[in-house]
Amino acid sequence: MAALSSYNYVATAHKPTNVTHSLVASFTSPDTLNLIVARCTRIEIYALEAQGLTLLHDVPLYCRVATLELWRPANATSDRLFISTERYQFCILSYDSQRKEIVTEAKGDVADRIGRQAEVGQICVIEPDSRMIGLHLYDGLFKVIQANSSGHLGQESFNIRLEELRVLDMVFLHGLPKPSLAMLYEDSKEGRHLKTYEVLLREKDLSDGPWPQVNVEAGATMLVAIKSGGVLVIGETSITYLSGSDFKAIAVPFMVV
């Protein structure tokens, strides 16, 4: 009788159930409201109908989703999905309504040879006017993927140096003529601050943003950009609205977001 091999192949017959990301978008058509759910290595596309949610597609990705955001090029009527993976690759997915299938519009690699992986994980931010996509993948670096005049992403990306080493969250501000970034970061003394920058695409650099730097709650962890202008700072004991020199804060029961 032959000896049993010492090598084993282990696989699971169950699909992942943990939800890592979710979005609401008009993905399959301009008039359809879709719920898009990422479950680690799969993407599920649902349609909101009169009887509830209907599963349209369940797609394996053969990767682990690190970020999932909506991208709508100029003059487009439906949303695209921008996905970056834990191995620093990205793709943009769109929907072909005639063939009823998901299409890969673009893909690429955004890994750098040097750099320390961001401690808080990957952050992806989409500029509201679809002029660029920003990624924070490594401490001290902000990566830019710029769109061309037709609204499609270019093949090349570039890095901009950041003074802030521990970035907790970032968002693009709405309603400003230049791409403007709001950044929540922690300093070496564990104080937390909100700072804004303008992204200079031609110079491949950052300049001072429209708002002065402000101190925020020590437990602040998340930013939410408001389409009418301003940003919400979500903390453990308060939620603060900031828009330049204007601010409004409310106390909330202790919570960890």
Report the distance from atom [atom1] of [X] to atom [atom2] of [Y], rounding to the nearest 0.5 Å.
X: Lys204; Y: Leu200; atom1: NZ; atom2: CG; answer: 13.0 Å
X: Ile123; Y: Leu137; atom1: CD1; atom2: CG; answer: 9.5 Å
X: Leu184; Y: Asp169; atom1: CG; atom2: CG; answer: 6.5 Å
X: Leu206; Y: Leu181; atom1: CG; atom2: CG; answer: 7.5 Å
X: Leu23; Y: Phe82; atom1: CG; atom2: CZ; answer: 12.5 Å
X: Ser180; Y: Glu127; atom1: OG; atom2: CD; answer: 8.5 Å

What are the two closest heavy atoms between [X] and [Y], and how far apart are they?
X: Ser130; Y: Trp71; result: O-CH2, 3.3 Å
X: Cys124; Y: Leu135; result: CB-CD2, 3.6 Å
X: Leu173; Y: Pro128; result: O-CG, 3.6 Å
X: Arg131; Y: Lys178; result: NH2-C, 3.8 Å
X: Arg39; Y: Thr20; result: N-OG1, 4.4 Å
X: Pro16; Y: Thr41; result: CG-OG1, 3.6 Å

Greater than 12 external heavy atoms within 6.0 Å of [X]'s [atom1]:
X: Tyr62; atom1: OH; answer: no
X: Phe247; atom1: CZ; answer: no
X: Glu101; atom1: CD; answer: yes
X: Glu156; atom1: CD; answer: no
X: Gln98; atom1: CD; answer: no
X: Glu86; atom1: CD; answer: yes
X: Glu203; atom1: CD; answer: yes
X: Asp109; atom1: CG; answer: yes

Would you check if [X] and [Y] make a side-chain contact, meaning some heavy-atom pair closer than 4.5 Å?
X: Lys107; Y: Gln89; result: no
X: Lys195; Y: His193; result: no
X: Leu141; Y: Ile160; result: no
X: Val125; Y: Phe142; result: yes
X: Leu55; Y: Glu44; result: yes
X: Tyr88; Y: Tyr138; result: yes
X: Ile43; Y: Val37; result: no
X: Leu48; Y: Leu53; result: yes

Co-membership, hydrophobic cluster, residues [X] and [Y], 4.5 Å side-chain:
X: Val19; Y: Leu68; value: no
X: Tyr197; Y: Leu242; value: yes
X: Val167; Y: Val199; value: yes
X: Leu35; Y: Leu33; value: yes
X: Phe27; Y: Tyr46; value: no

Is the side chain of [X] donor-acceptor paired with the backbone N or O of [Y] at a distance under 3.5 Å, no angle test?
X: Asn34; Y: Thr28; value: yes
X: Ser94; Y: Glu105; value: no
X: Gln122; Y: Thr85; value: yes
X: Arg99; Y: Ser97; value: no
X: Asp187; Y: Lys189; value: yes

(request) Could you list the residues that satisfy side chain to side chain donor-acceptor pair (under 3.5 Å) with Ser22, not counting sequence neighbours? (result)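 So Ser22 forms no side chain to side chain donor-acceptor pair (under 3.5 Å) with any residue.
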Have [X] and [Y] got a donor and an acceptor in their side chains that come within less than 3.5 Å?
X: Tyr95; Y: His57; result: yes
X: Ser26; Y: Asp79; result: no
X: Gln213; Y: Tyr185; result: yes
X: Thr67; Y: Ser84; result: yes

(request) Take Arg192 and Glu217 through the test salt bridge (Lys or Arg N to Asp or Glu O under 4.0 Å) and record every step on the way to the result. (result) CA-CA 7 Å; Arg192 299 194 176 183; Glu217 179 196 329; over 6 Å; no
(request) Determine, for Asp112 against Lys143, whether the closest basic-nitrogen to carboxylate-oxygen distance falls under 4.0 angstrom. (result)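 Salt bridge flag = yes for Lys143 with Asp112.
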(request) Considering only NZ, NE, NH1 and NH2 on the basic side and carboxylate oxygens on the acidic side, decide whether Arg166 and Asp139 come within less than 4.0 Å. (result)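 Looking at Asp139 together with Arg166, the answer is no, because their closest N to O distance does not fall below 4.0 Å.
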(message) Under 4.5 Å side-chain heavy-atom separation, chaining through any Ile, Leu, Val, Met, Phe, Trp or Tyr, what else clusters with Leu232? Say none if it is isolated.
(response)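 Other cluster members: Met222, Val224, Ile226, Ile234, Ile239, Tyr241, Ile250, Val252, Met255, Val257.
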(message) Under the criterion side chain to side chain contact (heavy atoms under 4.5 Å, CB included), I'd like the reasoning laid out for Ile83 against Leu93: C-alpha separation, chi angles, the key distance, then a yes or no.
(response) CA-CA 8 Å; Ile83 300 172; Leu93 304 180; 3.8 Å; yes
(request) Take Met183 and Leu162, measure what side chain to side chain contact (heavy atoms under 4.5 Å, CB included) needs, and give me the verdict at the end. (result) CA-CA 11 Å; Met183 181 185 304; Leu162 296 175; 3.8 Å; yes
(message) Determine whether Leu81 and Leu70 satisfy the following criterion, side chain to side chain contact (heavy atoms under 4.5 Å, CB included), listing intermediate values before the conclusion.
(response) CA-CA 5 Å; Leu81 296 181; Leu70 297 180; 3.8 Å; yes
(request) Test Ser157 against Ile145 for side chain to side chain contact (heavy atoms under 4.5 Å, CB included), laying out the working first. (result) CA-CA 5 Å; Ser157 61; Ile145 307 174; 4.0 Å; yes
